[in-house]
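For reference, the structure discussed in these notes is given below.
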Amino acid sequence: MNLLFANDRQGHYPPSWYADVLDVPDARPPLRGEAQADVCIVGAGYTGLSAAWQLAERGFKVIVVEAHRAGWGASGRNGGQVGSGFNKGQEWLEARMGAGNARLLWDLSQDAKALVRALADEDPAIAYRPGVAHAEWHASDVPDTQADADHLAKHYGYDQVEKLDRDAMQALIGSPCYQGGSVDWGAGHVNPLALALSLARKAEAAGATIHENTLVHRVEPGADPVVRCDKGFVRAKHVILAGNGYLGRLVNGVTSRVMPINNFIAATEPLGDRAASVLARDIAVADSKFVINYFRLSADGRLLFGGGESYGYKFPSDIEGTVRKPLETVFPQLKGVKITHAWGGTLGISAQRLPVFDRPAQRLWAASGYSGHGVALATFSGRILAEAISGEMGRFDVLNALPSPRFPGGGAFRTPLLVMAMSWYALRDKLGI
C-alpha cells in the first residue's frame, strides 16, 4: 500500500478547517514528457517549496514534483506551532554537539522563526500570533521545564519564556490537567496551509516550476540523476528528497532513519463565550503527554485540537472520535461539543526526534524527520539546502551531524517495533506514569 493514497484522494486537500477558510488555487499541471533542471525537488511541502524559492532566487532552474497538491501533506495539516529550538533542549545538544554547535543550532532556530514571521508580515492569511505554552501534566516535571527557561536566559540571552506555576497555568488554560510549565512568547502559531501556499507562490515568482498530481516512481542517482514519474521524467544536476513521512521506499538510506506516523486534529464549532473558558490568551499549547495533545483557538473562536496517533498506513475510521476523547479529557466543560472538521496527516519522526539532513547518494540531498517541530525548521531548511547546493556547506554539515540512528530493524521491521514502543508509552500516559 502506498501511504500517499492510503487515506486521501489524489489532488484533493484533506477536509481541514485550514482549507475551508483559504482561497485554494486551481491545480497546477502535472509533468509530462522529459524535462531538464538544475535541481529537481520531490515533494511540495515546506522543505521542498522553500528550497525551490531559495534556489530559484539564486539563479538555479528548479522543478518541483508533487504527487498531490502544494502543501497537501503534513505542511498543510499540522497544528501550526512555530516553536523555538529543537525537540531536544539546549543542554542535551551541548552535551552531544559541543557548546559551539549547540549555539549555532539555537541561532539557526531563531532565524527559522524570524523567516516565518517575515513571511506572515507579507501574507496576512498566514495569521502569525505569538505565544506557545508548554503545559505539564505532572507537578514533578515543572522544575525541569522552568530550569530550561533559566538556562536559555542565562546562556543564550533568551528571556522570552515566562514560567508559570499551577495556578497561573490553569488561569491561562481552562483545564484541571495542567500543573504548571511555561509560555514562550518568542514562539507562535500560524495557519500552516496558508504558509505552504505562500511559499509556493514565492517559488513560482522566483522562477521555479511546480508540477502537481505527479507521482514519483523512482529516483536514479548518479552524476546526472533522473527522477522517474508516472507520465514523464526529470534529468537534473541535483535532487532534493522533501517528501518527509511520505517518501516511502524511494531511497532506503532515508527510510531507515525517518518513520511515518499519523496524527489527528479536530475543529469544534465556534465556541462563542465558551472560548474564554478554554484559553484566556490567543496562544497555542503543547502538553507533556508522550502522545501529545496540542491546541489553540482559531480566528473565529473554534478550538483546533490535536490528539491521538496511529502507526499503520490507514487512519482510524472515526477520526472525530479519536480526537474527541483527549479533547474532552483536557476540557471536560466541552463534553459533547459539536465538531465540524476532523482530519489526519502523516508526519516523519526520527529516533532522536531531531531532523535528518543527509546525502543518501551521489547528487541526492534529503531533509526530513522534523518530528512535529517542522513549521519553522522545515521552512528554514530550504535556505540550508540552497546554501549547500551552492557550495556553502557550514550549516548543512552541522545539521547532518545531529544524531540520527537507524530505527531498529531498518525499513523491514521498524513498523512493528515502533508500534510496540509507542503502545507502551501510550499506556504510560493512560496510567498517569
Side-chain angles (χ1 to χ4, degrees), residues 46 50 79-121 128-136 141-165 168-169 172 180-190 281 283-288 292 294 350 352-357 367 369-384 387 392-404:
Y46 296 145
S50 178
Q81 297 195 12
V82 185
S84 299
F86 291 74
N87 272 342
K88 299 292 188 183
Q90 287 304 118
E91 289 185 89
W92 191 97
L93 291 169
E94 289 161 11
R96 289 156 181 83
M97 302 287 290
N101 282 335
R103 179 74 206 208
L104 188 151
L105 289 165
W106 173 258
D107 291 344
L108 184 154
S109 78
Q110 290 291 95
D111 290 344
K113 292 187 300 180
L115 176 59
V116 174
R117 289 194 298 267
L119 290 165
D121 287 343
Y128 179 89
R129 301 289 185 271
V132 176
H134 181 81
E136 294 287 354
D141 293 329
V142 173
D144 288 340
T145 295
Q146 300 190 346
D148 288 342
D150 292 336
H151 186 80
L152 289 175
K154 180 177 180 180
H155 296 283
Y156 293 84
Y158 189 75
D159 59 0
Q160 298 187 64
V161 181
E162 178 184 0
K163 297 182 288 187
L164 301 180
D165 61 16
M169 183 62 79
L172 180 64
S182 62
V183 181
D184 183 353
W185 294 106
H189 53 100
V190 297
R281 304 274 303 265
I283 63 166
V285 180
D287 71 18
S288 61
I292 189 172
Y294 52 95
S350 67
Q352 290 284 10
R353 303 301 190 271
L354 291 167
V356 177
F357 281 68
Y370 302 100
S371 305
H373 221 66
V375 176
L377 293 178
T379 299
F380 197 71
S381 71
R383 184 170 296 175
I384 304 297
E387 289 173 356
E392 305 161 35
M393 293 294 296
R395 294 199 285 193
F396 182 94
D397 284 344
V398 172
L399 289 162
N400 179 236
L402 286 169
S404 60

How long is the span from the [atom1] atom in [X] to the [atom2] atom in [Y], to the nearest 0.5 Å?
| X | Y | atom1 | atom2 | answer |
| --- | --- | --- | --- | --- |
| Arg103 | Leu93 | CZ | CG | 13.0 Å |
| Lys163 | Thr145 | NZ | OG1 | 11.5 Å |
| Asn400 | Ile384 | CG | CD1 | 12.0 Å |
| Lys113 | Tyr128 | NZ | OH | 6.5 Å |
| Ser381 | Phe357 | OG | CZ | 4.5 Å |
| Met393 | Leu399 | CE | CG | 10.5 Å |

Do [X] and [Y] come within less than 4.5 Å of each other through their side chains, counting heavy atoms only?
| X | Y | result |
| --- | --- | --- |
| Tyr46 | Tyr370 | no |
| Glu91 | Asp148 | yes |
| Val285 | Val132 | no |
| Met97 | Leu104 | no |
| Leu108 | Val398 | no |
| Arg395 | Arg383 | yes |
| Thr379 | Leu119 | yes |

For residues Asp184 and Ser84, is any side-chain donor paired with an opposing acceptor at under 3.5 Å?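 Yes, a side-chain donor-acceptor pair sits under 3.5 Å.
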If you look at every heavy atom in [X] and [Y], which pair is closest and at what distance?
| X | Y | result |
| --- | --- | --- |
| Trp185 | Pro130 | O-CB, 3.9 Å |
| Ala112 | Phe380 | CB-CB, 3.5 Å |
| Gly83 | Ala376 | O-CB, 4.4 Å |
| Val375 | Val190 | CG1-CG2, 4.1 Å |
| Gly186 | Tyr158 | CA-OH, 3.1 Å |
| Leu402 | Pro355 | CD1-O, 3.9 Å |

Set out, in order, the CA-CA distance, both residues' side-chain angles and the distance that settles side chain to side chain contact (heavy atoms under 4.5 Å, CB included) for His134 and Ser288, then state yes or no. CA-CA 7 Å; His134 181 81; Ser288 61; 4.2 Å; yes
Taking the six-membered ring for Trp, are His151 and Tyr156 parallel (under 30°), tilted (30 to 60°) or perpendicular (over 60°)?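 Plane angle between 30° and 60°, so tilted.
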Could you tell me whether the side chain of [X] and the main chain of [Y] form a donor-acceptor pair under 3.5 Å?
| X | Y | answer |
| --- | --- | --- |
| Ser371 | Ser350 | yes |
| Asp159 | Ala153 | no |
| Gln146 | Gly181 | yes |

Does Val183 form a side chain to side chain contact (heavy atoms under 4.5 Å, CB included) with Val161? I'd like the steps, not just the answer. CA-CA 6 Å; Val183 181; Val161 181; over 6 Å; no
Does the pair Arg117/Asp121 count as a salt bridge with the N-to-O cut at 4.0 Å?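 A salt bridge is absent here (no side-chain N lies under 4.0 Å from a carboxylate O).
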